[in-house]
2 protein chains.
Amino acid sequence: MQQVVAPAFKTCSDCPIRHRAVCAKCDSQELELLEDIKYYRSFSAGQTVMWAGDHMDFVASVVSGVATLTQTMEDGRTQMVGLLLPSDFVGRPGRAEAAYTVTATSDLVMCCFRRKPFEQMISTTPHIAHRLLEMTLDELDAAREWMLVLGRKTAREKIASLLSIIARRDALLGLAAPGKELQVEIPLTREAMADYLGLTLETVSRQISALKRDGVIVLSGKRLVTIPDMDRLMTEAGDDSDGGYLV
Amino acid sequence: MQQVVAPAFKTCSDCPIRHRAVCAKCDSQELELLEDIKYYRSFSAGQTVMWAGDHMDFVASVVSGVATLTQTMEDGRTQMVGLLLPSDFVGRPGRAEAAYTVTATSDLVMCCFRRKPFEQMISTTPHIAHRLLEMTLDELDAAREWMLVLGRKTAREKIASLLSIIARRDALLGLAAPGKELQVEIPLTREAMADYLGLTLETVSRQISALKRDGVIVLSGKRLVTIPDMDRLMTEAGDDSDGGYLV
DNA sequence: ACTGTTCCTTGACACAGATCAAAAGTGGAG
DNA sequence: CTCCACTTTTGATCTGTGTCAAGGAACAGT
């Protein structure tokens, strides 16, 4: 691999393996190293990208759309273990077998990197290895935060937590400005929300209705949620707010 | 840092940052690189190693004993998000603030590495960076497996899942032989088990009694559990057994 | 041996959320 | 526009687990 390109990463040291289409800080040069091993794949809403146990010869990052990572028990109970939004990474270097089922919940474009050359690139390009470690640590933190939600929060708190996570994420991507009302689109059906939260879809629906009735959120259609008071939502989620939700 | 020692890692390429005291494959030479930045700390059962939010100037690996990673809500609800057994690693390179509270649940010895030099070593020693990435990915898989337990399993399945995870772990460390009866020590109080499983300690106690009554487990004292039939336990846990529990 | 402390077990009851069932929206295809 | 499939909402009832309460077992210190 041509290790020559390494300096180019300095222009965007914190996101070398994220696809430039989704990173405002990236210029068009920095992913040249990846150009020759990448290709795009599109999926339509509802399509399964890969099944748990499938042989997987690529890793990928989400360019646009939303996908979910789910685990399923033999009797059909399913738990979502991750939500893939634009710029998120999926796949495990060094392992050929997919651990989770990945499903597109909206029209989805992924940027795939052939696994073998990607692995090789990691070992020859410390910047990328380091960034990958950071992203994995972030995912681990997110997974552990979600363990608290799943294990200890009430249905209402779970819904509020999900909304606040999506809202925070939107804020991060610059889709929302601090100070003004937040409006977020929930990119999930009620059933998918239930699978994320460890609830049934009926309970999800009831709690959303309750939050609406209590003025915590305003619904425009089924998927579009306006949040008049983010601090209020954070309180409902059981988090100590601190206004730190724009981090 | 003296990068000269790198070849030494080849004798134990899969566990460079684990402490040699807990890795049968390691000889006494391979951790020389770490010698000058490490020190040991001991804790007694019940002692808190660090609080969430504390400034943390080291990362560490468990030499002996058991520790837990917990998250707590303002009203006192707590969720265990990780169990640290010998050879496990804790701490986040690149972040000074502890994300979780770490508590010793038995007498505990940790091998600490000062964070700054450790971080520097990561960037100059690809072997270690790579191994750290692998360990983090393993932890992420474990966290996600636990999300399924927390979100979708019944109390009885949760208990069985916890026992089978501890049993598998013991088997990995060579404390148990396949074919013969497994005997495992649960290194947790009923309350700690409850915090791990998202239950109350009363429910934990009841379900353990039920598993005992049904012959799935045999208790010797409060903490020592004999598992006459591992496949049976796996079925109770809701896992597809496959006999793959020795992996 | 006594006493206090901590951990564990068991019982009675309450309630959050699951389950079962039905109806009302919603949106795409023809 | 109408039809049909799918998603969502809402209601009635059931149940698994939480809550509250009491007592037992193990153990350390005096």
Side-chain angles (χ1 to χ4, degrees), chain A residues 44-47 68 73 75-79 103 105-107 149-162 185-214 217 219-225 236 238, chain B residues 44-47 66 68 73 75-79 103-107 149-162 185-214 217 219-225 236 238:
Chain A
S44 48
Q47 235 185 319
T68 61
M73 294 172 68
D75 61 8
R77 281 177 281 177
T78 72
Q79 175 67 49
T103 309
T105 61
S106 70
D107 288 342
V149 173
L150 290 172
R152 292 300 184 194
K153 293 196 178 178
T154 65
R156 173 185 265 244
E157 288 169 336
K158 285 179 174 181
I159 300 287
S161 295
L162 177 58
E185 198 210 327
I186 315 173
L188 301 169
T189 63
R190 298 290 185 260
E191 187 177 18
M193 292 174 73
D195 284 341
Y196 202 6
L197 298 165
L199 298 170
T200 59
L201 67 93
E202 293 95 330
T203 299
V204 169
S205 180
R206 271 187 255 269
Q207 295 300 333
I208 287 179
S209 298
L211 288 173
K212 185 173 103 185
R213 176 168 25 76
D214 300 345
I217 60 174
L219 281 184
S220 323
K222 309 288 182 192
R223 300 287 190 90
L224 217 55
V225 176
E236 290 285 353
Chain B
S44 49
Q47 233 185 322
V66 181
T68 62
M73 293 173 67
D75 60 8
R77 282 177 280 177
T78 71
Q79 175 67 49
T103 311
T105 60
S106 70
D107 289 342
V149 173
L150 289 173
R152 291 302 185 192
K153 292 195 178 180
T154 64
R156 173 185 264 244
E157 289 169 334
K158 284 178 175 181
I159 300 287
S161 295
L162 177 57
E185 197 210 329
I186 315 173
L188 302 169
T189 64
R190 298 289 185 260
E191 186 177 20
M193 291 174 73
D195 284 341
Y196 202 7
L197 298 165
L199 298 170
T200 59
L201 67 92
E202 292 95 330
T203 299
V204 169
S205 179
R206 272 186 255 270
Q207 295 299 334
I208 287 180
S209 298
L211 288 173
K212 184 172 104 186
R213 176 169 24 78
D214 299 346
I217 59 175
L219 281 185
S220 322
K222 312 285 182 194
R223 300 288 190 91
L224 216 56
V225 175
E236 290 286 352

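Note on naming: letters A, B, ... go to the chains in the order of the sequence lines (proteins, then strands), and numbering restarts at 1 for each one. Being a predicted model, the structure only gives us computed values, none of them experimental.
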Colleague: How close or far is atom P of C/dA16 from atom CZ of A/R156, stated in whole angstroms?
Modeller: 12 Å

Colleague: Quick one: A/L197 CG to C/dG17 P, roughly how many Å, whole number?
Modeller: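 After rounding, the reported distance stands at 11 Å.
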
Colleague: Between C/dG17 atom P and A/E157 atom CD, what is the distance in whole Å?
Modeller: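 Value for this atom pair: 9 Å.
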
Colleague: Rounded to whole Å, how long is the line connecting atom CD of B/E191 with atom C1' of C/dT6?
Modeller: 11 Å

Colleague: Do the side chain of B/D75 and the main chain of B/R77 share a donor and acceptor less than 3.5 angstrom apart?
Modeller: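 Yes; at least one donor-acceptor contact below 3.5 Å.
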
Colleague: Reading DNA chain D in the 5' to 3' direction, which nucleotide is the first one with an atom under 4.0 Å from a heavy atom of chain B, and which is the last?
Modeller: D/dT17 to D/dC20

Colleague: Under a 3.5 Å cutoff, is there a donor and acceptor pairing between the side chains of A/E202 and A/S205?
Modeller: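 Absent: no donor and acceptor within the cut-off.
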
Colleague: Say whether, by atom type as modelled, one donor and one acceptor occur between the side chain of A/K158 and the main chain of A/L197 under 3.5 angstrom.
Modeller: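 It does hold such a pair.
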
Colleague: Within this structure, what is the OG1-CG distance for the pair B/T105 and B/L188, rounded to the nearest 0.5 Å?
Modeller: 5.5 Å

Colleague: Look at the side-chain N and O atoms of A/T154 and state whether any lies under 4.0 Å from the OP1 or OP2 oxygen of C/dA16.
Modeller: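 Result: no.
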
Colleague: Within the structure shown, what part of the strands sits under 4.0 Å from B/S205 by heavy-atom distance: base, sugar-phosphate, or nothing?
Modeller: base

Colleague: Give a yes or no answer on whether the side chain of A/Q79 reaches the backbone of A/Y196 with a donor-acceptor pair at less than 3.5 Å.
Modeller: yes

Colleague: For the side chain of B/R190 and the backbone of B/T203, is there at least one donor-acceptor N/O pair under 3.5 Å apart?
Modeller: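 No, B/R190 side chain to B/T203 backbone: no donor-acceptor pair under 3.5 Å.
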
Colleague: Quickly work out the B/L219 CG to C/dT10 C1' distance and round it to whole Å.
Modeller: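 Spelled out: CG on B/L219 to C1' on C/dT10 is 15 Å.
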
Colleague: How do B/K222 and B/T203 order along DNA chain D: which one's closest nucleotide is nearer the 5' end?
Modeller: B/T203

Colleague: Nearest 0.5 Å, please: how far is CE in B/M73 from OG1 in B/T78?
Modeller: 11.0 Å

Colleague: Reckon A/L199 touches a base, only the sugar-phosphate, or nothing at all at heavy-atom distances under 4.0 Å?
Modeller: sugar-phosphate

Colleague: Starting from P on C/dA12, measure out to CD on B/E202 and report it in whole angstrom.
Modeller: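 Atom-to-atom, B/E202 to C/dA12, this comes out as 15 Å.
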
Colleague: Taking atom C1' of C/dT9 as reference, at what distance in whole Å does atom CG of B/L211 sit?
Modeller: 15 Å

Colleague: Are side-chain N/O atoms of B/S44 and B/D107 paired as donor and acceptor at under 3.5 Å?
Modeller: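 Side-chain D/A pair, B/S44 to B/D107: absent.
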
Colleague: Return the set of residues passing side chain to side chain contact (heavy atoms under 4.5 Å, CB included) with A/S106 (not counting sequence neighbours), or none when no residue passes.
Modeller: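 A/S106 satisfies side chain to side chain contact (heavy atoms under 4.5 Å, CB included) with A/V66 once adjacent residues are dropped.
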
Colleague: Classify B/T200 by what it touches in the nucleic acid, base, sugar-phosphate, or nothing, heavy-atom distance under 4.0 Å.
Modeller: base

Colleague: Angle between the two end axes of the helix from C/dA1-D/dT30 to C/dG30-D/dC1, five base pairs per end, rounded to 10 degrees?
Modeller: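 Computed angle between terminal axes is 40°.
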
Colleague: In whole angstrom, what separates A/D195's CG from C/dA18's P?
Modeller: 12 Å

Colleague: Looking for any heavy atom pair under 4.0 Å, which part of the strands does B/G46 touch: base, sugar-phosphate only, or nothing?
Modeller: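 Here B/G46 touches no strand at all.
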
